[in-house]
Each structure stands twice: as structure tokens, then as C-alpha cells.
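Proteins come first, then strands; the chains are lettered A, B, ... in the order of their sequence lines, and each starts at number 1.
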Protein chains: 2
Amino acid sequence: MKIEIEARQLDAPGNPTKLNICRIPVRAGPNGLPVGRVKEPFGLAASTLSHHIGRLVGTGLVTKNRQGSTFIPRANYRPMIALLGYLQDECCADETCFLNEEIPAA
Amino acid sequence: MKIEIEARQLDAPGNPTKLNICRIPVRAGPNGLPVGRVKEPFGLAASTLSHHIGRLVGTGLVTKNRQGSTFIPRANYRPMIALLGYLQDECCADETCFLNEEIPAA
DNA sequence: ACGTTATTTCGATGAAAATCGAAATAGAAG
DNA sequence: CTTCTATTTCGATTTTCATCGAAATAACGT
């Protein structure tokens, strides 16, 4: 069920903690940033962080690669873009939505 | 706190039921669609639907106007677009994100 | 092999969300 | 002004989530 997936992907950043965690791999870029490096700023237990990253990976929006002893989460751009596209399509289901005139810079 | 708001807005469609409900005003367009008209397809109690719509309004993504004895939820496009813009900015924090090359049609 | 570091898995707990049914409210229509 | 319809509010229940600490796992350096 497609809507199941989309809903889960939208839920992934659905609270401040989760949104912050989602931003880590996105902002880190292709080099990535070890998971543990971002633990302290948020004051989360390692297990909590791991839990969130695991769910994030479960949505498909993020992948995780082992690099030696650390894990590097990376943004999975294709599904992210797909999700954005879906949201835009939904949003513009109504032809009077001004997005159909003023296209915001990407 | 900006991130609080964004997280709440992302959570609003954060499960299949909520996503379906979010889509109602968006797809109905400016004429809107009475809340109760969409209750049956989802098999939700009226009170549950009301609860979800109330939260949706709380995020700012949707407004609700009384029209006679029924309520019409309507998409609030400005904040929706703002949210999309935010997501795109986040997503493209990394200059290698291909969105910075292939700009998808809006 | 051994200890170190990074992370996950497990089990528990408190907090929040989703859901319902019943009763309340607010217009509309007689 | 009573009844009907649409929706909300309330209170209770079940389910799901966020979080932690402790123990397990996995690669690394020695």
C-alpha cells in the first residue's frame, strides 16, 4: 500500500527530535557523519538515537553503511524526491493552488 | 521554535488515516467538502474524524469554516508551500543532491 | 586473545496518540 | 419551539511511541 509508505515517511521527521535526526544525514552530504557524533548535542542515549535511525532506515529515506567500527547514515535521495513530488502533486490537486502559477525555486 | 512547527506539520499526515484526512481538503479544492461526507469511506467514528481535523487545523495547514450546519475544511496553501520549500531546502543542503540539477516540474 | 570504541538489541516504563460511544451544542427546517 | 442533522466535547480504553540502562555484538588496535 503506497499510502502506508508515504505516511511512514512523513512520520519519520514527525517530532523535533526525529526532524533533527533526519537532518543529520541530509546535511552531512555524501561523506556522511558518524551516528555517534551527533548524539551529544541532542542529549539522547545512544540506544534512543539508534532506535530513531533504525526507523528512518525502515522508511527508505536513509541508508546506513558500516565504515569500520562506525555507522554512517546517508540520505537516500530518490525516495526523498519521490516524496516531495507526491506532496506537490497532492498539494496542487486543486488547480487554483498558486503553486501552479508561482513555481518556487528548487 | 520553528522546528517545532515543522515537525508538527510533518506529523499531521504521519499515518495512513491522517494522510487520508489531510488529502480531503487538498483534493476538494476551494469549494471544500463537508467533513462528514468523508467519514464513511474510512470507517471512522465522527468523533475520531473531528479529532483529527482539529489537530490538522492546529498545525495551520488547514482551516475550517462553518457553512450553515456543516463544517468545511480547506487547505491553507501558504503554510503548505512553506513546508514544501523547507523540505526542499533541507533536502538540497548537499550540493550533490541531484535536485540541484534536475529540477522536477512543479 | 584482550580491551576499547561504536552501535544495536532487549526489556521496561512513562507519555502521547488513536479510537470509540455517549452526551452536548449549533444551525436548519418545519 | 421542537426536531433533525452535523459536528464537537468528554471520558475511557487500547495502541503506539520515545526513552532509558544494561547487556550483546562487531570491528579495531595492541
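- Annotation: side chain of A:V62 is not in contact with side chain of A:V26 (no heavy-atom distance under 4.5 Å).
- Between the CG atom in B:L83 and the CD atom in B:Q88 there is a gap of 11.0 Å [rounded to 0.5 Å].
- Separating the CG atom of A:L44 from the C1' atom of C:dT8 is a distance of 15 Å, rounded to the nearest angstrom.
- For A:A45, the side chain to side chain contact (heavy atoms under 4.5 Å, CB included) partners are A:S47, A:T48, not counting sequence neighbours.
- For B:D11, the side-chain hydrogen bond (donor to acceptor under 3.5 Å, both in side chains) partners are B:K18, not counting sequence neighbours.
- Side-chain N or O atoms of A:N76 include one that pairs as donor or acceptor with a backbone N or O of A:G60 at under 3.5 Å.
- The two residues B:Q9 and B:P13 have their closest heavy-atom pair at O-CD, 3.2 Å.
- Rounding to the nearest 0.5 Å gives a distance of 5.5 Å between CG of A:L44 and OG1 of A:T17.
- For the OP1/OP2 pair of D:dG21 and a distance below 4.0 Å, the side-chain nitrogens and oxygens of A:S47 include no atom meeting the criterion.
- An angle of 30°, rounded to 10°, separates the two end axes of the helix from C:dA1-D:dT30 to C:dG30-D:dC1, each defined over five pairs.
- B:T63 OG1 to B:F71 CZ: the interatomic distance, rounded to the nearest 0.5 Å, is 12.0 Å.
- Scanning both residues, A:T59 and A:R8, for their nearest heavy atoms gives CG2-O, 3.7 Å.
- Looking at residues 59-74 of chain B, you'll see B:K64, B:S69, B:T70, B:F71 sit with a heavy atom under 4.0 Å from some atom of DNA chain D.
- Side-chain contact between A:I72 and A:R74 is present, with at least one heavy-atom pair separated by less than 4.5 Å.
- Remark: A:H51, A:H52, A:R55 in residues 50-58 of chain A come within less than 4.0 Å of DNA chain D through at least one heavy atom.
- One can place CG of A:D11 at 13 Å from C1' of C:dA18, the figure rounded to the nearest angstrom.
- The two residues B:L61 and B:M80 make their nearest non-hydrogen contact at O-CE, 3.4 Å.
- Between B:L56 and B:A12, the shortest heavy-atom distance links the atoms CD1-CB, 3.6 Å.
- Dashed line: the shortest gap from a side-chain N or O of A:N15 to OP1 or OP2 of D:dC17 is not under 4.0 Å.
- Interface residues of residues 16-24 of chain A facing DNA chain C, ordered by number: none; criterion, heavy-atom separation under 4.0 Å.
- For the atom pair CG (B:L10) and CG (A:N15), the distance works out to 10.5 Å, reported to the nearest 0.5 Å.
- Atoms CG (A:L49) and P (C:dA6) sit 13 Å apart, rounded to a whole Å.
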